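The model shown is predicted, which means the values in this text are computed figures rather than measured ones.
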Amino acid sequence: MMTQRSTEQWRALDAAHHLHPFSDTKSLNEQGARVITHADGVYLWDSEGNKIIDGMAGLWCVNIGYGRKDLAEVAKNQMEELAYYNTFFKTTHPAVVELSTLLAEVAPEGFEHVFYTNSGSESVDTMIRMVRCYWDIKGQPQKKTLIGRWNGYHGSTIGGASLGGMSYMHEQGDLPIPGIVHVEQPWWYKHGKDMTPEEFGIQAARWVEDKILEVGPDKVAAFVGEPIQGAGGVIIPPSTYWPEIERICRKYDVLLVADEVICGFGRTGEWFGHERFGFTPDIFTTAKGLSSGYLPIGAVFVGPRVAEGLIAGGDFNHGFTYSGHPVAAAVARANVAALRDEGIVAAVKEDIGPYMQKRWREVFSQFEHVDDVRGIGLIQAFTLVKNKATRELFPNWGEIGTLCRDIFFKHNLIMRACGDHIVAAPPLVISKDEIEQLLATAAECLREFEQALKDKGLV
Ligand SMILES: Cc1ncc(COP(=O)(O)O)c(CNc2cccc(C(=O)O)c2)c1O
């Protein structure tokens, strides 16, 4: 059992010893971290006994919901049977074989091969190395450059952070690494001007063609994008965008990569986001929903073209101590099997997803400073704006989002502010009653937020 301490004791020890990710540690320690002690379904409890609605499924990852004792049992049994062995040097083990077999079943046609990692960032870095290795094998070693998007997010390793388009991450650590370039994101609300979304989707895709021609098609290895940009604020591209991207990649023989770390495993109502947008990548990267966050594991799904190249190409000198870790693999297999056999993914497509999308729009379209209310499946957002009629955003991007997010927290509701986008991605098992509770709380918070805007003279 965990050592029992008071909240103050946990906070003091945390401040003394724990450096948190993506945090200003000094300011965090001044206010003290929120101590989350347990969770069930879509709810968290903190050390003060507060019950919190987790509108973010942790970090977009707890697709199956919290508190699944069956997954804990699977982990216990696997740990007792084989807690660890590696998959290097011509060895494997039943847990990773069973997981790989199941993943080949739920993946789209043609994706028969999977490479394992411990995170989404490691999946992205693995993909970067795979793509460059593939072109070496094909006798085109100059095809090295990868194209990402500004405001895309692909993780926090040197490769993932370089491929991502978060400039504040590039400034911190001399990124991007060589051979990575970016194009503007397909954000119609800001960049669409007088174009229809459909016209803008083609225009945004053509920015990729322009970049390929600028770099030189013989030097471009791949284009990489999230079907829906998650951490960038749930930027949903127009329907015309991805088919046009695919056409352009095929035209110039550039590999197409989908980063499915957030969109994968049912988040959009399909198993994978690229299926929802009607394109076929050569590779796609995953993590998060693969295990629903119960244990760290990532997987790179490799399509036939690249798989055949790599398999025939001799040593692929890349991998991790825990690639295909037996306990993580066993838990991931049980998780994916439950997402399929309990109809959880199917319900996002046919029932709870459409319900959320209808109600999300009904509730949030009524607010004066909320616009671009959007979502697919169980990933949704809206943007806090100064003037809906002119699509005018607030100055100091992100300041207003933080103000709104803090009101949610005060009311024991977790939703994420990505700049001035407010996003939600709850566990896929959320019920209609729980959706109504989330929306009612959020609406109450937004009324308080719009009053705060007036009180502060911001509108
Ligand atoms: C599309 C995508 N690709 C790669 C990663 C990296 O995964 P790892 O974190 O497991 O290395 C991600 C992760 N996405 C992520 C991670 C942490 C926080 C937030 C947020 O929105 O606050 C988003 C992601 O969203």
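Under a cutoff of 6.0 Å and an axis angle of 45°, Arg391 and Trp188 form a cation-pi pair. Phe265 does not carry Arg267 over the face of its six-membered ring by the limits of under 6.0 Å from the centre and within 45° of the normal.
Scanning both residues, Met415 and Ala442, for their nearest heavy atoms gives CE-CB, 3.9 Å. When all heavy atoms are compared, the tightest approach of Cys404 to Leu446 is SG-CD2, 3.8 Å. Residues Phe272 and Val106 come closest through the heavy atom pair CE1-O, 3.9 Å. Nearest heavy-atom pair across Glu244 and Arg247 is OE2-NH2, 2.6 Å. The two residues Pro426 and Ala57 have their closest heavy-atom pair at C-CB, 3.7 Å. Heavy atoms only, all atoms of each residue included: Ala222 and Val131 are closest at CB-CG1, 3.9 Å.
Defined by atom type and a distance below 3.5 Å, a donor-acceptor pair is present between the side-chain atoms of Tyr43 and Gln437. Thr285 and Ser123 share no side-chain donor-acceptor pair at under 3.5 Å. Remark: the Gln451 side chain and the Arg447 side chain contain no N/O donor-acceptor pair separated by less than 3.5 Å. In the model, Glu434 has a side-chain atom that pairs as donor or acceptor with a side-chain atom of Ser431 under 3.5 Å.
Atom CG in Asn335 sits 3.5 Å away from atom OG in Ser292 (nearest 0.5 Å). Taken from CH2 in Trp187 to CG in Asp372, the straight-line distance is 8.5 Å, to the nearest 0.5 Å. Taken from CG in Asp420 to CG in Leu393, the straight-line distance is 7.5 Å, to the nearest 0.5 Å. In this structure, CG on Leu339 lies 5.0 Å from CD1 on Ile64, to the nearest 0.5 angstrom. Between the CD1 atom in Ile158 and the OG atom in Ser121 there is a gap of 11.0 Å [rounded to 0.5 Å]. Here the straight-line distance linking atom CH2 of Trp207 with atom CD1 of Ile202 works out to 12.5 Å at 0.5 Å rounding.
With a 4.5 Å cut-off on side-chain heavy atoms, Phe394 and Leu453 count as touching. Residues Val234 and Gln380 fail the side-chain proximity criterion, which asks for heavy atoms closer than 4.5 Å. Side-chain contact between Glu368 and Val459 is absent, with no heavy-atom pair separated by less than 4.5 Å. Between Trp242 and Pro186, the closest side-chain pair of non-hydrogen atoms is not below 4.5 Å. In this structure, Ile228 and Phe277 have side chains that are in contact, with non-hydrogen atoms separated by less than 4.5 Å. The shortest side-chain heavy-atom distance between Leu290 and Leu103 falls under the 4.5 Å cut-off. Looking at Gln229 and Cys418, their side chains never come closer than 4.5 Å, going by heavy atoms from C-beta outward. With a 4.5 Å cut-off on side-chain heavy atoms, Tyr153 and Ile262 do not count as touching.
His421 and Trp397 have perpendicular rings, their planes meeting at more than 60° on a 0 to 90° scale where under 30° would count as parallel. Using cut-offs of 30° and 60° for the angle between ring planes, the Phe200 and His191 rings count as parallel. Ring orientation note: the planes of Trp360 and Phe364 are nearly perpendicular, at an angle over 60° on the 30°/60° scale.
At a threshold of 4.0 Å, the pair Glu48-Arg34 does not count as salt-bridged, since none of the basic side-chain nitrogens sits closer than that to a carboxylate oxygen. A salt bridge links Arg250 and Glu246; the closest N-O separation between the charged side-chain nitrogens and carboxylate oxygens is under 4.0 Å. Under 4.0 Å is where a charged nitrogen must lie from a carboxylate oxygen, and between Asp70 and Arg68 at least one such pair does. With respect to Lys349 and Glu270, a salt bridge is recorded, a charged nitrogen being found less than 4.0 Å from a carboxylate O. For Glu362 and Arg359, the salt-bridge test passes: some basic side-chain N is under 4.0 Å from an acidic carboxylate O. Glu436 and Lys432 are not joined by a salt bridge, as no carboxylate oxygen comes within less than 4.0 angstrom of a charged side-chain nitrogen.
Looking at Arg11, its side chain does come within 3.5 Å of a backbone N or O of Ala33 through a donor-acceptor pair. Remark: side-chain polar atoms of Glu392 are not paired, donor with acceptor, to backbone N or O of Val385 under 3.5 angstrom. A side-chain donor-acceptor contact under 3.5 Å links Asp282 to the backbone of Leu256. Remark: the backbone N or O of Gly148 is not paired with any side-chain donor or acceptor of Lys211 at under 3.5 angstrom. Judged by distance alone, with hydrogens and angles left aside, the side-chain atoms of Trp60 form no donor-acceptor pair with the main-chain N or O of Ala425 at under 3.5 Å. At least one donor-acceptor pair under 3.5 Å links the side chain of Thr240 to the backbone N or O of Glu198. Within the 3.5 Å criterion, the main-chain N or O of Glu122 finds no donor-acceptor partner in the side chain of Thr157. In this structure, Glu184 contributes its side chain and Ala204 its backbone to no donor-acceptor pair below 3.5 Å. Without hydrogens or angle criteria, Ser23 side chain to Thr25 main chain gives no donor-acceptor distance under 3.5 Å. With Arg333 contributing its side chain and Ala329 its backbone, the two residues share no donor-acceptor pair below 3.5 Å.
No more than 12 heavy atoms of other residues, nucleotides or ligands shown are found within 6.0 angstrom of CD on Gln172. Within 6.0 Å of atom NZ in Lys69, 12 or fewer heavy atoms from other residues, nucleotides or ligands are found, so the atom counts as exposed in its surroundings. Residue-environment remark: CD (Glu109) stays at or below the threshold of 12 foreign heavy atoms within 6.0 Å. With a 6.0 Å radius and a threshold of 12 heavy atoms from other residues, nucleotides or ligands, Asp174 has its CG atom at or below the threshold. The number of heavy atoms from other shown groups lying within 6.0 Å of NE2 (His182) is above 12. Counting heavy-atom neighbours within 6.0 Å of Arg374 CZ, excluding the residue itself, gives a total above 12.
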Decide side chain to side chain contact (heavy atoms under 4.5 Å, CB included) for Ile435 and Tyr355; before the verdict, give the C-alpha distance in whole Å, the side-chain angles of both, and the deciding distance to 0.1 Å. CA-CA 9 Å; Ile435 286 177; Tyr355 183 85; 3.9 Å; yes

Given side chain to side chain contact (heavy atoms under 4.5 Å, CB included), test Phe382 with Asp371 step by step and report yes or no. CA-CA 6 Å; Phe382 53 79; Asp371 206 1; over 6 Å; no

Using the rule given for side chain to side chain contact (heavy atoms under 4.5 Å, CB included), can you reason through Val35 versus Asp14, listing the C-alpha separation, both sets of side-chain angles and the distance that settles it, and then say yes or no? CA-CA 10 Å; Val35 182; Asp14 189 71; over 6 Å; no

So Ile52 and Ile36, side chain to side chain contact (heavy atoms under 4.5 Å, CB included) or not? Walk me through it. CA-CA 10 Å; Ile52 303 156; Ile36 303 300; 4.1 Å; yes

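Under the side chain to side chain contact (heavy atoms under 4.5 Å, CB included) rule, Val300 has a single partner from Phe115, Tyr116, Phe284, which is Phe115.
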